[in-house]
Colleague: 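Dropping the structure in here first, questions after.
Throughout, residue positions are numbered sequentially from 1 according to the sequence presented. Model, not experiment: these values are computed from the prediction.
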Amino acid sequence: MAYEVTATRRRPKTFDELAGQEFVAATLKNSLETGRIAHAYLFTGPRGCGKTSSARILARSLNCVKGPTSSPCGECAGCREIAEGRSLDVIEIDGASNTGVNDARQIIEEVLFPPNSSRYKIYIIDEVHMLSNSAFNALLKTIEEPPPYVVFIFATTELHKVPATIKSRCQQFAFRLIPLETIAGILKKTCEEMRIQAEDEALFWIARESTGSLRDAYTLFDQVVSFSDGHLRSAFIREKLGLVGIDNLNALAIACIEHDRKKALLLLDDMLNAGVAIEQFVIDMAGFYHSLLLLKAGVRKESLLSDNPARFSEQVLRALNAEQIERALDVLLDLYRDIRYSISPRFELETVVSKLCALDKWVSPLELRAVIARAREALGGRSAADGEGARSGQAGGTPVERGHAGGDSPRESLSEGFKRYLEKRETAREDHAPVRNISPQVERVLRIFNGTIVE
């Protein structure tokens, strides 16, 4: 037999096999068991989470010889024909290639004829948001009041592009991204069926890279299996696919907190020479600091950390506070945004690594503001005390004549020209003659010396 990819071979055939969509499965099963079958369904959600598979399961449930049933037998002629894609009464249409009003008109004409050999004639339109406005408008009346033997099942990844007039005529089901733990468990069962040895860390990495899409996980799984020779190992995967790895990230972060720029840059050079792409390195490094930030907040859930909490360096966690980790994230995210316009992405990356080596010396604006506030309070208290002393006249004479803390007169530190100016001003004050042409800055200095202003 021809080779069949894992995503196709392990496509769910019943609602019980539908992974990560418990609400959708339970609702559809209850509607089938109670006979509350709608004439139009709208399945929405991200890619690879089971929309088309659910549409085919619903079609088998409706046309099974035992149906309508929530558990199709999979053995009757109707179930086999739908599973093999050759049923005349289940029409799958690609919305991206049948976008015009003429395609909609063909559907309107076909629904007038009853099903060939099944109970229902079912139209499954994938990527329905690609239909034109004219096609949507042409289908409105048919979708709202179709013949009793017709069921429409629409699937889309972009709900916002579907007109409200279509949404209001359909029962809508929102599919979710599949949890990381669920995908890892499914991959482990797949390895057992295929008699493939696999490390849990390798399966966890595949599940993480799939970002909630089971189809993406199966696709990446097939690729890894093809070069792993029947044994999935995380170290081998990192080597072949050019990944950074948590151990390398820990080593680089430790070099940064130790202010060892030479070691950090040499580690970076080793990783880049091993085949790690600069963009991938920035993504992995940002994910590493993001996980550190979550650990600082007390989060230890593996699906959020993308790794086991015990694998992150305690030394780095102790050395950095949350604000410094946020600063590292800001620098890395800015680098990823700017790297496409850089004359040398590697130079940009090396500069960022050098900045990370001084991360513990960085002061956040909030910390700086608090320090300035405390300094103002301290200086304000001392100024007030000095002002009280000046006003109470505890020391005789003018501020120019009396000494300061050490008893020395400030006049001794003045230039000869300024001393003569002060003598002239004192003489003018005694004669009640004003001294003219004084700048505001000089006037302020004089007021300080005369005790009018306390600084």
Side-chain angles (χ1 to χ4, degrees), residues 1-25 28 43-60 72 74 79 82-85 92 94 96 124 126-127 153 155-158 173-243 280 283 287 302-303 306-307:
M1 295 179 63
Y3 171 75
E4 191 174 19
V5 297
T6 305
T8 302
R9 180 172 54 81
R10 289 187 56 83
R11 185 185 291 272
K13 299 178 176 59
T14 64
F15 289 115
D16 294 330
E17 298 177 3
L18 192 62
Q21 312 297 338
E22 289 77 13
F23 172 76
V24 173
L28 291 175
F43 295 165
T44 68
R47 71 188 188 281
C49 60
K51 299 185 297 296
T52 305
S53 297
S54 298
R56 293 177 180 176
I57 294 171
L58 181 57
R60 283 198 295 271
C79 288
I82 294 173
E84 296 170 3
E92 293 195 31
D94 177 20
I124 300 175
D126 203 5
E127 300 300 329
I153 306 175
T156 179
T157 56
E158 301 185 37
F173 292 86
F175 286 68
R176 306 174 182 177
L177 291 171
I178 303 174
L180 187 149
E181 295 86 354
T182 302
I183 295 178
I186 293 173
L187 293 177
K188 190 171 184 178
K189 292 180 180 178
T190 304
C191 289
E192 293 173 355
E193 293 178 2
M194 300 175 64
R195 298 180 181 179
I196 296 175
Q197 296 180 355
E199 295 179 355
D200 290 340
E201 184 180 350
L203 298 180
F204 190 88
W205 175 83
I206 295 174
R208 186 182 70 232
E209 292 297 312
S210 66
T211 62
S213 170
L214 187 56
R215 184 176 61 227
D216 288 6
Y218 280 139
T219 302
L220 185 55
F221 174 80
D222 287 341
Q223 178 183 357
V224 171
V225 169
S226 64
F227 64 73
S228 296
D229 196 21
H231 188 189
L232 305 186
R233 294 166 294 170
S234 57
F236 191 65
I237 292 174
R238 287 196 299 270
E239 177 186 350
K240 293 298 182 183
L241 297 183
L243 305 176
Q280 184 64 46
I283 292 172
E302 287 193 20
S303 59
S306 301
D307 217 316

Colleague: Nearest 0.5 angstrom please: Arg47 CZ to Asp216 CG, how far?
Modeller: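 If we round to the nearest 0.5 Å, Arg47:CZ and Asp216:CG are 4.0 Å apart.
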Colleague: If you round to the nearest 0.5 Å, how far is CG of Leu18 from CG of Leu28?
Modeller: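 CG of Leu18 is found 9.0 Å from CG of Leu28.
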Colleague: Identify the heavy atoms of Cys49 and Gly45 that sit nearest to each other, and give their distance.
Modeller: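 Taking every non-hydrogen atom into account, SG-C, 4.3 Å.
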Colleague: Where is the tightest heavy-atom contact between Leu177 and Thr211, given as atom of each residue plus distance?
Modeller: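 Shortest heavy-atom contact: CD2-O, 3.6 Å.
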Colleague: Please check: side-chain N/O of Ser213 versus main-chain N/O of Ser210, any donor-acceptor pairing under 3.5 Å?
Modeller: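 Checked: no pair found.
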Colleague: CG/Leu214 to CD1/Ile178 distance, rounded to the nearest 0.5 angstrom?
Modeller: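 Reported to 0.5 Å precision, the distance equals 4.5 Å.
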Colleague: Would you check if Arg208 and Leu180 make a side-chain contact, meaning some heavy-atom pair closer than 4.5 Å?
Modeller: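 In contact.
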Colleague: Quick one: does Asp126's side chain have a donor or acceptor within less than 3.5 Å of a partner on Thr52's backbone?
Modeller: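 Not a single qualifying donor-acceptor pair exists.
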Colleague: Using the six-membered ring wherever Trp is involved, compare the ring planes of Phe236 and Phe227 and label them parallel, tilted or perpendicular (cut-offs 30° and 60°).
Modeller: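 If you compare the ring of Phe236 with that of Phe227, the planes turn out tilted.
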Colleague: What are the two closest heavy atoms between Lys51 and Ala155, and how far apart are they?
Modeller: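 Answer, listing the atom of Lys51 first, then Ala155: CB-CB, 4.2 Å.
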Colleague: Search all heavy atoms of Glu209 against all heavy atoms of Leu220 and return the closest pair with its distance.
Modeller: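 Residues Glu209 and Leu220, closest heavy atoms: CB-CD2, 3.7 Å.
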Colleague: How about Arg10 and Ile186: do any of their side-chain heavy atoms sit closer than 4.5 Å?
Modeller: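 Yes, their side chains come closer than 4.5 Å.
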Colleague: For residues Ala202 and Arg233, report the shortest heavy-atom separation together with the two atoms involved.
Modeller: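 Smallest heavy-atom distance, with atoms named: CB-C, 4.1 Å.
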Colleague: Under 3.5 Å, is there a donor-acceptor pair between the Arg11 and Ser53 side chains?
Modeller: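 Looking only at side-chain atoms, Ser53 and Arg11 do form a donor-acceptor pair, the distance falling under 3.5 Å.
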Colleague: Tell me if the NZ atom of Lys13 is crowded by more than 12 foreign heavy atoms within 6.0 Å.
Modeller: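 Counting other residues, nucleotides and ligands, NZ of Lys13 exceeds 12 neighbours.
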Colleague: For the CD1 atom of Ile237 and the CD atom of Gln223, what is their distance to the nearest 0.5 Å?
Modeller: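 Nearest 0.5 Å value for the CD1-CD distance: 10.0 Å.
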Colleague: Nearest 0.5 Å, please: how far is CD in Glu22 from OG1 in Thr182?
Modeller: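 Answer for the OG1-CD pair, Thr182 versus Glu22, is 7.0 Å.
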Colleague: With a 4.5 Å heavy-atom cut-off, do Asp200 and Lys188 have their side chains touching?
Modeller: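 Contact flag for Asp200/Lys188 side chains = yes.
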Colleague: Considering non-hydrogen atoms only, spot the tightest contact between Ala217 and Ile206 and give its length.
Modeller: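 What the structure gives for the nearest pair is O-CG2, 3.7 Å.
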Colleague: Do the non-hydrogen side-chain atoms of Ser54 and Phe175 ever get within less than 4.5 Å of each other?
Modeller: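 Side chain of Ser54 against side chain of Phe175, heavy atoms only: contact under 4.5 Å found.
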Colleague: Determine whether Glu199 and Leu232 make a side-chain contact, defined as any pair of heavy atoms from C-beta on separated by less than 4.5 Å.
Modeller: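 Of all side-chain heavy-atom pairs linking Leu232 with Glu199, none is under 4.5 Å.
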Colleague: Nearest 0.5 Å, please: how far is OG1 in Thr8 from CZ in Arg215?
Modeller: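 Result: 9.5 Å between the selected atoms.
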Colleague: A side-chain contact here means heavy atoms from C-beta on lying under 4.5 Å apart; do Met194 and Phe221 qualify?
Modeller: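 The answer is yes, as the side chains (C-beta and beyond) meet within the 4.5 Å cut-off.
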Colleague: Counting only heavy atoms from other residues, nucleotides and ligands, does the tally under 6.0 Å from CG of Asp94 exceed 12?
Modeller: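 More than 12 within 6.0 Å, yes.
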